[in-house]
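Quick notes on the structure that follows.
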Amino acid sequence: MKLFIISGARPQFIKLAPIIEEILKRNDISLYHLHTGQHFDKNMSNIFFEELGLPSPDINLGINRGSHAELVGKMLIEIEKELIIQKPEAILVVGDTNSTIAGGLAAVKLQIPVIHLESGLRSNDFRMPEEINRRLTDHLCRLLITTSETATNNLIAEGIKKEWIFQTGDPMVDGILRNINKAEEKSSILKEHGLKSKEYVLLTMHRQENVDIKERIVSILESLKELNITIVYPIHPRTKKRIEEFGIEDFLDDEKWHIIKPVGYLDFIKLQKNAKIILTDSGGIQKEALTLNIPCITLRDNTEWVETLEIGANTLVGAEKAKIIEAVNNILQDENKYTNIRWENPYGDGRASKEIVVEIIRRYIEGELDTPTSYMIE
Ligand code: UD1
Ligand code: UDP
């Protein structure tokens, strides 16, 4: 089977890594990997291939400038050309980025079956480009891989055929479980920055609905200013740009801040594992925090990862100053509660990637991916 996979943004390299590892163990899938170029700094892209020992993508389109429409439009045109040359039996897209929707749309128009990893999640918030990308991609697919009952039910409620859905665990959990020991052993990130385990908060913040809106980013930074604890912040290029444009660098001018460039995966896992609290607006990091048993506070008004809230591993605070401070203080004041906590992981136990690859091959062999009626909705 010839499988065409599409990546482009940081979380996609991480989600795809254990899947690619599984594919490389077999000899019945020939892989063609297209990188759209959406993320391009060394520490937002190449570093992950090097660290995780992944083969370089077969092609990098280098598309990363412009508005959402420009990006998706250019990707669509170039991905179509590659699909016509490569003639794959199926295409695998992942997550909710502009690269995801561009890949899915290009393929379905050529009647190439689309497989979507991380289907069915819904924030129901159309202010987020991710919600639009994920929803639309789901409705182009012939195999929708979900990582929770909630996601599966969302798809069924939207009229997607049950037999097109495959529910399993989450490859991001596989990635953490496969790499945590290596990260603890090999990463010297704490030493490099003079950090002590459990004596800092780890922050990531890059979502458009936070950092592109001055009031929201200022509100978050004001609340962090009031916290009396070291904050480690590998700053995303989008946020760095916005902070400079808004002229609000002063918020970060305090000894407690460790502002660093985005780091590689092993360093980031090490930073997560040794953090007292993780503060984030990332999607993936909410799951990784739970997997590493570190309490997470999410700087968003909603989350697709509702299980993290139900389990008590995550608290939603939006960009509201009082809520952020209260949530951080609640955790700091209740230290014992979190010291040896072990949450049951709703996203699996590390076997998902293998199951996904086996399922893709099974469906391909049994002709379920591309049936004569698979492009007709009843
Ligand atoms: C994208 C995803 C988001 C995901 C995030 C992961 C979409 C709509 N959004 O957001 O879901 O959470 O990736 O990190 O696809 N930039 C650099 N260097 C890089 C990467 C980006 O300078 O290596 C700059 C870009 O030029 C752009 C800005 O950062 O100015 C935003 O990049 P973009 O890829 O459009 O969106 P993200 O915010 O990264
Ligand atoms: N990550 C990383 N280095 C960093 C920040 C994040 O390796 O400096 C990893 C993190 O471990 C997780 C993924 O990037 O696997 C999350 O990606 P991001 O937050 O950019 O995207 P989102 O999940 O919000 O789409």
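A quick note: this is a predicted structure, and the numbers were derived from the prediction, not measured. Start at 1 and go down the list; that is how both ligands and their atoms are numbered.
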Gln208 contact mode with ligand 1 (heavy-atom cut-off under 4.0 Å): neither
Within reach of ligand 1, part of Arg65 (heavy-atom separation under 4.0 Å): neither
Contact check: Val263 vs ligand 2, nitrogen or oxygen atoms, below 3.5 angstrom: yes
Contacting atoms of ligand 1, where contact means under 4.0 angstrom from a heavy atom of [X]:
| X | value |
| --- | --- |
| Arg207 | 12 (O) |
| Pro11 | 6 (C) |
| His68 | 8 (C) |

Side chain, backbone, both or neither: the part of Ser282 lying under 4.0 Å from ligand 2 by heavy atom: both
Residue pair Trp343, Asn293: steps toward the side-chain contact (heavy atoms from CB on, under 4.5 Å) verdict: CA-CA 6 Å; Trp343 286 297; Asn293 297 298; 3.8 Å; yes
Would you please indicate if the ring centroids of [X] and [Y] are separated by under 6.0 Å?
| X | Y | value |
| --- | --- | --- |
| His35 | Phe13 | yes |
| Tyr347 | Trp305 | yes |
| Tyr265 | Phe48 | no |

Which one of [options] has a non-hydrogen atom at the shortest distance from [atom]?
| atom | options | result |
| --- | --- | --- |
| atom 30 (O) of ligand 1 | Lys241, Met128, Arg238 | Lys241 |
| atom 25 (O) of ligand 2 | Met44, Arg207, His39, Lys15 | Arg207 |
| atom 4 (C) of ligand 1 | Met44, His206, Gln38 | His206 |

Ligand 2 atoms in contact with [X] (distance to a heavy atom under 4.0 Å):
| X | value |
| --- | --- |
| Pro234 | 8 (O) |
| Pro262 | 8 (O) |
| Phe48 | 7 (O) |

Under 4.0 Å, counting heavy atoms only: does [X] come that close to any atom of ligand 2?
| X | answer |
| --- | --- |
| Gln272 | yes |
| Met172 | yes |
| His236 | no |
| His206 | yes |

Electrostatic pair Glu326-Lys323, nearest N-O below 4.0 angstrom: no
Pair Arg135 + Asp96, salt bridge at N-O below 4.0 Å: no
Residues Thr303 and Thr298: side-chain donor-acceptor under 3.5 angstrom: no
Parallel, tilted or perpendicular, as decided by the 30° and 60° cut-offs, for the rings of His39 and His236: perpendicular
